[in-house]
Amino acid sequence: MAVGILLVGGMGTRLMPLTKHTPKPMLTVAGLPVTEHQLAMARKAGITTVVLATSYLSELFTPYFGDGSKWGMKLLYAVEDSALGTAGAIANAAQLLGTDDSIVVLNGDVLSSHDLSEQIRQHESNRADVTIHVTSVEDARAYGCVSIDSLGQVIAFLEKMERPISNTINAGCYIFDPAIIKAIPGHRVVSVERETFPELIDSGRKIRAFLDDSYWLDIGTPKALLQGSRDLVTGIADASALKLADILRHDQHSLVMASASLDSSAIIDCGSCIGSGASIGAGAHVSASIIEAGAIIGRGATILDSYIASGARIDENAKISAQFVTDTEFLSIPT
Ligand code: GDD
Ligand code: MG
């Protein structure tokens with residue numbers, strides 16, 4: 001059975017100030033950390049052993065996820081004292097696995113409803129060295145551009161081009177033959193996108209594309225983070241992780257986690273979610289937003305297209321639109 005590595009060590013710079021004290025994968029979308037949604041997706045494909053490859057704010061993962069038994073999984077932690085880059089992180093984490101099974105690597109900031117079981121099946125039946133999930137986007141500039149021949153072989157991998165050569169991109173989910181990972185140089189910074197993949201292609205290795213255009217989103221930008229949460233709440237994205245969560249109520253307009261306190265006159269709509277223990281005052285209106293666990297929204301406040309982090313407190317009758325709010329900062333989300 002395949003095993004997994006989750007790359008969760010990046011700085012999440014584009015999501016400051018939310019990521020000042022919380023690593024990007026621990027930010028909550030639809031009431032749960034991004035990582036929890038990804039673990040549910042991996043579990044669904046039969047993966048039960050996963051290494052979290054951590055670096056930035058690594059100490060914040062273990063108290064929440066522990067040994068993984070709550071999710072019927074075995075979770076291990078690989079900590080990089082300083083970030084090793086994506087391939088360095090994979091090589092470092094794989095040392096904890098010591099296995100001959102296929103290794104599934106996931107970027108830790110992606111929500112994807114693609115068919116991971118089928119990706120693994122095709123990888124193994126093709127006896128590929130690496131099989132990359134490839135999806136299509138309108139503007140490929142922010143991604144790794146992947147060129148594929150008519151037989152599904154990857155013939156070029158070009159990270160973040162000004163003039164993309166295709167609209168097919170790296171969706172950040174790879175199946176590796178473990179021997180390929182063993183050959184990654186250890187203990188130094190290596191990028192899987194800028195070094196490992198181009199080098200493997202140049203040396204004629206079998207790098208296959210798994211094309212699947214199901215729901216897919218990189219939540220690494222402010223707008224995408226809010227979009228991802230709404231898509232999970234409204235059912236556009238696969239929200240299997242919610243099956244194991246403590247929920248007060250959930251319909252296609254809103255999600256309220258257990259122990260949140262909600263005045264009966266408050267309106268929660270447009271895919272908003274209210275985290276556990278949050279408090280929403282009388283007459284407040286929360287629309288298309290994320291209210292994290294424990295945040296307090298005063299009576300009569302209006303919250304639109306915003307992320308209110310744990311510990312934040314919004315005054316009575318305040319009007320908040322397109323903002324990130326933490327316990328100490330307000331930041332407008334760039335349009
Ligand atoms: N452990 C560890 N160590 N994790 C890391 C490191 C590191 O040094 N550097 C990055 N990561 C993790 C991040 O936490 C994130 O989950 C993932 O690797 C990808 O990094 P991002 O910073 O989010 O990269 P990106 O979104 O600009 O581009 C990547 O994702 C795109 C798809 O969303 C690339 O893989 C692109 O090729 C791809 O198209
Ligand atoms: Mg990203």
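Only this structure's heavy atoms are used, side chains among them; waters, hydrogens and symmetry mates stay out. Atoms within a ligand are numbered from 1 in the order they appear, just like the ligands themselves.
- Residue contact check: Tyr174 has heavy atoms under 4.0 Å from atoms 35 (O) of ligand 1.
- Ligand 1 lies nowhere less than 4.0 angstrom from a heavy atom belonging to Phe197.
- Near Trp216, the atoms of ligand 1 lying under 4.0 angstrom from a non-hydrogen atom of the residue are 32 (C), 33 (O).
- When distances from atom 26 (O) of ligand 1 to the protein are checked, a heavy atom turns up under 4.0 Å.
- Within the 4.0 Å heavy-atom cutoff, Lys160 counts among the residues contacting ligand 1.
- Shown here are the protein N/O/S atoms lying under 2.8 Å from the Mg ion (ligand 2), water excluded: Asp109 OD2, Asp218 OD2.
- Val3 and Met41 sit in two unconnected hydrophobic clusters of ILVMFWY residues. Membership requires side-chain heavy atoms under 4.5 Å apart, directly or through other members.
- Residue Gly85 places at least one N or O, backbone or side chain, under 3.5 Å from an N or O of ligand 1.
- Aromatic ring pairs are classed by plane angle as parallel below 30°, tilted from 30° to 60° and perpendicular above 60°; the pair Phe176 and Tyr174 is perpendicular.
- By the 4.0 Å N-to-carboxylate-O rule, Asp177 lies too far from Lys206 to be salt-bridged with it.
- Any N or O atom pair closer than 3.5 Å counts here, and Gly108 shares at least one such pair with ligand 1.
- Every atom of ligand 1 with a heavy atom of Glu193 under 4.0 Å away is listed here by number and element: 34 (C), 35 (O), 37 (O).
- With Lys24 as the fixed residue, the side chain to side chain donor-acceptor pair (under 3.5 Å) test singles out one of Asp109, Thr13, Thr19: Asp109.
- Contact between Arg194 and ligand 1 is absent, with no heavy atom of the residue lying under 4.0 Å from the ligand.
- Near Glu159, meaning under 4.0 Å from one of its heavy atoms, ligand 1 places the atoms 28 (O), 34 (C), 36 (C), 37 (O).
- For Asp109, a nitrogen or oxygen atom sits less than 3.5 Å from a nitrogen or oxygen atom of ligand 1, counting backbone and side chain alike.
- Polar contact check, Ser55 against ligand 1: no nitrogen or oxygen pair lies under 3.5 Å apart.
- The backbone N or O of Ala288 lies less than 3.5 Å from a partner atom in the side chain of Ser272, making a donor-acceptor pair.
- Contacts between His133 and ligand 1, counted as non-hydrogen atom pairs separated by less than 4.0 Å, are absent for every part of the residue.
- A 4.5 Å side-chain heavy-atom check between Tyr307 and Pro222 finds every atom pair outside the cut-off.
- Not one N or O of Ala83 is nearer than 3.5 Å to an N or O of ligand 1, by distance alone.
- Residue Lys24 approaches ligand 1 through these ligand atoms, each under 4.0 Å from one of its heavy atoms: 23 (O).
- Ring pair Phe197/Phe157 is tilted by interplanar angle, where 30° to 60° counts as tilted.
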Side chain to side chain donor-acceptor pair (under 3.5 Å), that's the test. Do Gln122 and Thr131 meet it? Break it down for me. CA-CA 8 Å; Gln122 287 190 15; Thr131 302; over 6 Å; no
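- Ile175 and Ile169 end up in different hydrophobic clusters when Ile, Leu, Val, Met, Phe, Trp and Tyr side chains are linked at under 4.5 Å.
- With a 6.0 Å radius and a threshold of 12 heavy atoms from other residues, nucleotides or ligands, Met161 has its CE atom above the threshold.
- In this structure, a donor-acceptor pair under 3.5 Å is present between the side chains of His285 and Asp269.
- Other residues, nucleotides and ligands contribute over 12 non-hydrogen atoms within 6.0 Å of the NE2 atom of His250.
- Closest protein heavy atom to atom 5 (C) of ligand 1: Gly10 N, 3.7 Å.
- Atoms of ligand 1 lying under 4.0 Å from at least one heavy atom of Leu84, given by number and element, are 8 (O).
- Ligand 1 has no nitrogen or oxygen under 3.5 angstrom from a nitrogen or oxygen of Thr86.
- Heavy atoms from other residues, nucleotides or ligands lying under 6.0 Å from CD of Glu59 number more than 12.
- Atoms of ligand 1 found under 4.0 Å from any heavy atom of Ala89, numbered from 1 in the order shown, are 1 (N), 2 (C), 3 (N).
- Nearest protein heavy-atom contact of atom 30 (O) of ligand 1 is Asn107 ND2, 3.0 Å.
- For CZ of Arg188, the number of neighbouring non-hydrogen atoms (other residues, nucleotides, ligands) closer than 6.0 Å is greater than 12.
- No more than 12 heavy atoms of other residues, nucleotides or ligands lie within 6.0 Å of CG in Asp246, so this atom counts as exposed by the packing criterion.
- Not one N or O of Tyr143 is nearer than 3.5 Å to an N or O of ligand 1, by distance alone.
- If you look at Val189 next to ligand 1, there are no close heavy atoms at all, none under 4.0 Å.
- In terms of modelled atom types and a separation under 3.5 Å, the side chain of Asn92 and the main chain of Ala53 share no donor-acceptor contact.
- Within ligand 1, counting atoms from 1 as listed, the ones closer than 4.0 Å to a heavy atom of Glu80 are 1 (N), 2 (C), 3 (N), 7 (C), 8 (O).
- Ligand 1 has a nitrogen or oxygen under 3.5 angstrom from a nitrogen or oxygen of Leu7.
- Both Leu232 and Leu217 sit in one connected hydrophobic cluster of ILVMFWY residues. Membership requires side-chain heavy atoms under 4.5 Å apart, directly or through other members.
- At a heavy-atom cutoff of 4.0 Å, ligand 1 is contacted by the side chain of Asp218 but not by its backbone.
- Between Phe210 and His114, the two ring planes are tilted [angle within 30° to 60°].
- Gln38 places a side-chain heavy atom less than 4.5 Å from the side chain of Val110.
- Ligand 1 has a nitrogen or oxygen under 3.5 angstrom from a nitrogen or oxygen of Gly9.
- In terms of polar-atom proximity, defined here as any N/O pair under 3.5 Å, Ala142 makes no such contact with ligand 1.
- Between Asp305 and Ile333, the closest side-chain pair of non-hydrogen atoms is not below 4.5 Å.
- Asn170 O, 3.3 Å is the protein heavy atom nearest to atom 38 (C) of ligand 1.
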